[in-house]
Structures are given as C-alpha cells and as structure tokens.
There are 2 protein chains.
Amino acid sequence: MGEDWTARFAALEGMAPGVRDTLRARSSVATLPAGAQVFGPGRKAENLLLLLEGTVRVQQLSAEGREIVLYRIHAGESCVLTTACLLADESYSAEGIAETRAVAAMIPRAAFDDLVATSPEFRQFVFQAYARRIAELFATIEEIAFRRLDIRLAQKLLELAPAGGVLRTTHAQLAAELGSAREVISRQLGEFQRRGWVELSRGEVRLADRAALAALAATP
Amino acid sequence: MGEDWTARFAALEGMAPGVRDTLRARSSVATLPAGAQVFGPGRKAENLLLLLEGTVRVQQLSAEGREIVLYRIHAGESCVLTTACLLADESYSAEGIAETRAVAAMIPRAAFDDLVATSPEFRQFVFQAYARRIAELFATIEEIAFRRLDIRLAQKLLELAPAGGVLRTTHAQLAAELGSAREVISRQLGEFQRRGWVELSRGEVRLADRAALAALAATP
DNA sequence: GGCCTTCGGTGACCTCGTCACCGAAGGCCG
DNA sequence: CGGCCTTCGGTGACGAGGTCACCGAAGGCC
C-alpha cells in the first residue's frame, strides 16, 4: 500500500493531481482471494471498487438455481454498475465473484460522491464506464436472442482460453457462461472434438485449432 | 411551456429549489410526434431527456436486420442510460422511438453536468435511474435465456394491453418485443386463441381472458 | 376492378433445452 | 490398497423454439 496505486490505473492517468490525491488519501487497497464474493444479494457494500489486478465475474442467479454470466470486470476497470446500486440504495440481485486473486482500490461512498461533484474528468470517467457496460449488455442480449450457440461457444472458448490454449473449466461452467444447458455444451464440444478443433479431458478443454474456431466465431 | 414542468416530475418533487430553478431556466420542453426517432446510431444528441408525457421504446437493431425491444421509458422517467453515451462521447448502437406523441424536457449537456456537480439529490436521482435500468436489463437477460416463450408472451400481452384489452399490434412486432420469430408468435397466439384466451384479427389482439393469461404469466 | 404490399397461417426441418439415466474419473478414508 | 461418494460428462428420446419456403387473405391505392 506504500506505493501510489493511482499511477497503475490507466483511466486516472490524465486526471488533475487533486483527484489522485483524494483517491490516495481516502481509499484503501484490498486483496481478495480467488473465489471470494465481492458483492452479492445479501451483501451491503459501501465501496466503489477499482480493480487493479485480477478479474471479477458478474453473474445473475435465477430463482430456479440456474445461473448466467453477465460480464467480467478486468484489471483497469471500475465496478460502477454495481456501485450505482449502492449509491442509489437499491438492492441487488446479481453477484460478483473474484475469479483470481484480485487487488482492488476501495473508495468509500462519500469520497466517490465528492469526486463526482468536484471533478469533471472523474464524472466523464464514470459515465464512460456506464456507457460501455450498457452497450455491452445490449450486445449480450442480442447475442443470446439471435446468435447460434456453436458460434457463441467458439467465441467464448477463444475469449476465455489463456495463451497456452488449455482452458480449465467444466462443461457446466461453460453452459452458465452462455445461458445454455450442460448437455448441449457437451454435445457441441463433442462435435468440435470430432472436427479436431479441441481436445477434451475431464475438467479441461484444449484448443487444438484456434484458426478454425475463430473462423466459426467470425461467421456473420 | 409557460407552466412549471418540474412540478409534474415526481422525482424532482423533493429537490432543493435551486435545482428546479436551474432546470426551468436552462432547459426547454419539446414535443415529439409519434414514431419520431428520439436518438439513434446516426444521431448525436446533446440533451438529457426527462419524459413528461408518452413512452419511448428503446430497441437494438442487429446487423442482419433483426430487432429486439430492450425496454421502455415511461412518463416520469429519465433517459440516463442513453445520455451516458452522450456525456461519455460514445457512439450508440440502439435507437429510441417515440411510441406516442411524447413531451420531454431537454436538458443541455452543460446544465446536466452542473446539476450532477452541485446537487447530491440530483446525483442520487441519476444513479438510482441507472441502477434500476441495469437491474431491469439483468432481468431481461435472464428471461430471454431461461423463461419459456408462452409465459413471456402472456406477460408481454398483459403489459402492453390498454384498459380496453385490445392491443393494436402485429405478430411481427410482438416477435421483436420478445426477441423471437414471427412464425413462432403466430403459432403461440393461435394456441391462446384455441384456448379462448385471446381473439385475433389482422393487426390486433383482443384479450378475452386476462385471468388465464395472468395465471400463465405467473408460473414460476 | 386490378394491383401491390403487408399480414398471418402452415408444413418440413433443424437447433436447442429437458429429462432420465448411466458410467467414468477423481477424492477421501478406512 | 479397496470401497465409497461426488462430480463430471456422454447419450437417447422428446418437446420447445427458430428457420425456410410458400401461399392466401386483407387492406390500401390508383
């Protein structure tokens, strides 16, 4: 915590010194273990999070126990959407889970409010984050409604796979990513394997032919 | 325009006089005809809209010409989501259409920015609108992904039908409401008609048994 | 009345989700 | 080590929903 975390946050780069001073003075840096619930239905958070390291998965849990991944917060992004609920005193139905060890700056509600009031750049930063997330949600709705599942699965595999090309995840988790069912994902992955595009083993998917997957993912 | 429109806007009721003075002084009231595009991909709006009368339909247009209705802005609500894009200088893929004649207060970007800076209540108002809309979008995603179409159709019919129970709309429009296909809606409406729940004629759906539709809509 | 556009109905077929099972893989513990 | 339990994935059958191709009916417009 001794170092200046505001220097590591690209979006704050160009901000007036006063903003960064306020952030440094009035916020703290927290580390969350992988798997920790960052926010959720039963949790009354009081901080805006700026994610410095790691990723946070935001997912919606349905009443019948089904779940769907809505989006991810990556390092360098803020969690404004969920914070709006806190600022507005609204309860929240979705939850955020740290997928890896995550390091985040926690900005107390009052400090956030002050920054929004005093800094035009900070306002711009906040509204830009909103705008992008909303556009992303719109795109997600369109994809779920209209895009074929094999295409979406190929996209998701490419999006989630690390450099090595070995994705450690279960078919059930992939189904939750896409709002689909486990059996359907199993069958579709089986088809991909038959074509030599992936290799399957328990708990992992190895991408064997990224180009072929990308070609499918790019079909209009 | 001579009257004080801020008095008609419930959310502004409790605000400090200064806020309402600013709104009155720096904004104008515009009337839009039914069918007018309020905002859209090719349109660079410069105003935040507070809708005083009428409704605005927000829909996403896909590249292949398909469309899906995302949500509606009703009288008494603001259009913050789309405004975020303007404030953040982001381009916008969705469009807003006035469904009826619509009367809206137009707040210039600079005035909106000032209000967010100076009034804590106005900030709360803005963030609350965001939070609600986002929660609604999350719920929409869940419904599209998991809810049966007959249930969603029954819900939509009840939501859209006026007091008389006669809905003037085409099957294709209903399909766009639900992100489905025209043929599927036709078949489903045919089934509802066979059960005596609706009566169909060209360009209209008459709700004959609201209770039955509500019962279906309420199935978990 | 003739023409054109929009609207809705239909059958065939494909994709996707659901249900019911079952076996295989891996962890745990005696 | 063997036995047990949980998680994971594979499968067949079927139902719901989307797509394609086509066609006739309704209404608007000369």
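In what follows, every chain begins at residue 1, and chains take the letters A, B, ... in the order their sequences are listed.
The backbone N or O of A/Pro220 lies less than 3.5 Å from a partner atom in the side chain of A/Arg147, making a donor-acceptor pair. Not a single donor-acceptor pair under 3.5 Å links the side chain of B/Gln128 to the backbone N or O of B/Phe125. A donor-acceptor pair under 3.5 Å is formed between the side chain of A/Arg66 and the backbone N or O of A/Ser180.
Each of A/Phe146 and A/Glu204 has a nearest nucleotide on DNA chain D; the 5'-most of these lies closest to A/Glu204. Looking at which nucleotide of DNA chain C each of A/Leu149 and B/Leu189 is closest to, the 5′-most match is held by B/Leu189.
Put simply, the side chain of A/Phe39 reaches to within 4.5 Å of the side chain of A/Val58, judged on heavy atoms. Residues B/Val198 and B/Leu200 meet the side-chain proximity criterion, which asks for heavy atoms closer than 4.5 Å.
Ion pairing between B/Glu191 and B/Arg195 holds under the 4.0 Å rule for side-chain N and carboxylate O. Under 4.0 Å is where a charged nitrogen must lie from a carboxylate oxygen, and between B/Arg133 and B/Glu77 at least one such pair does.
Look at CD1 on A/Ile151: it is 16 Å from P on D/dG18, rounded to the nearest Å. Following rounding to the nearest Å, A/Leu153 (CG) and C/dT15 (C1') show an atom-to-atom distance of 14 Å. If you take CD1 of B/Ile144 and P of C/dG17, they are 13 Å apart, rounded to a whole angstrom. If you measure from atom CZ of A/Arg147 to atom P of D/dG18, you get 16 Å, rounded to the nearest angstrom. Going from atom CD of A/Gln188 over to atom C1' of D/dG9 covers 15 Å, rounded to whole Å. The CG atom of B/Asp150 sits 13 Å away from the P atom of C/dT18 (whole-angstrom rounding). A straight line from CG of B/Leu167 to P of C/dC7 spans 15 Å, rounded to a whole angstrom. Between A/Leu174 atom CG and D/dT7 atom P the separation is 18 Å, expressed in whole Å.
Classified by interplanar angle (parallel below 30°, tilted 30° to 60°, perpendicular above 60°), the ring pair B/Phe138/A/Tyr71 is tilted.
Between A/Arg66 and the phosphate of C/dT18, there is a side-chain N or O to OP1/OP2 separation shorter than 4.0 Å. Between A/His171 and D/dT7 there is no side-chain polar atom (N or O) within less than 4.0 angstrom of OP1 or OP2. A sub-4.0 Å separation between OP1 or OP2 of C/dC16 and a side-chain N or O of A/Arg152 is absent. Residue A/Ser180 has a polar side-chain atom (N or O) positioned under 4.0 Å from OP1 or OP2 of C/dG17.
To the nearest 0.5 Å, atom CZ of residue A/Phe9 and atom CG of residue A/Leu23 are 9.5 Å apart.
Applying the side-chain hydrogen bond (donor to acceptor under 3.5 Å, both in side chains) definition to pairs two or more places apart or across chains, those involving residues 98-108 of chain A are A/Glu53-A/Arg101, A/Thr55-A/Glu99, A/Arg57-A/Glu99, A/Arg72-A/Glu99.
Of the candidates C/dC16, C/dG8, D/dG18, C/dC16 carries the atom nearest the A/Val184 side chain, counting heavy atoms from C-beta on. Comparing D/dA16, D/dC8, C/dT18 by their nearest atom to the side chain of B/Arg148 picks out D/dA16.
Comparing the start and finish of the helix from C/dG1-D/dC30 to C/dG30-D/dC1, five pairs each, the helix axis swings through 30°, to the nearest 10 degrees.
As judged by a 4.0 angstrom heavy-atom cut-off over every strand, B/Gly203 is placed among residues touching the sugar-phosphate backbone only.
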**Fill in**
Each nucleotide of nucleotides 20-29 of chain D classed B (base within 4.0 Å of a protein heavy atom), S (only sugar-phosphate) or -, in 5' to 3' order, makes BB---BBS--

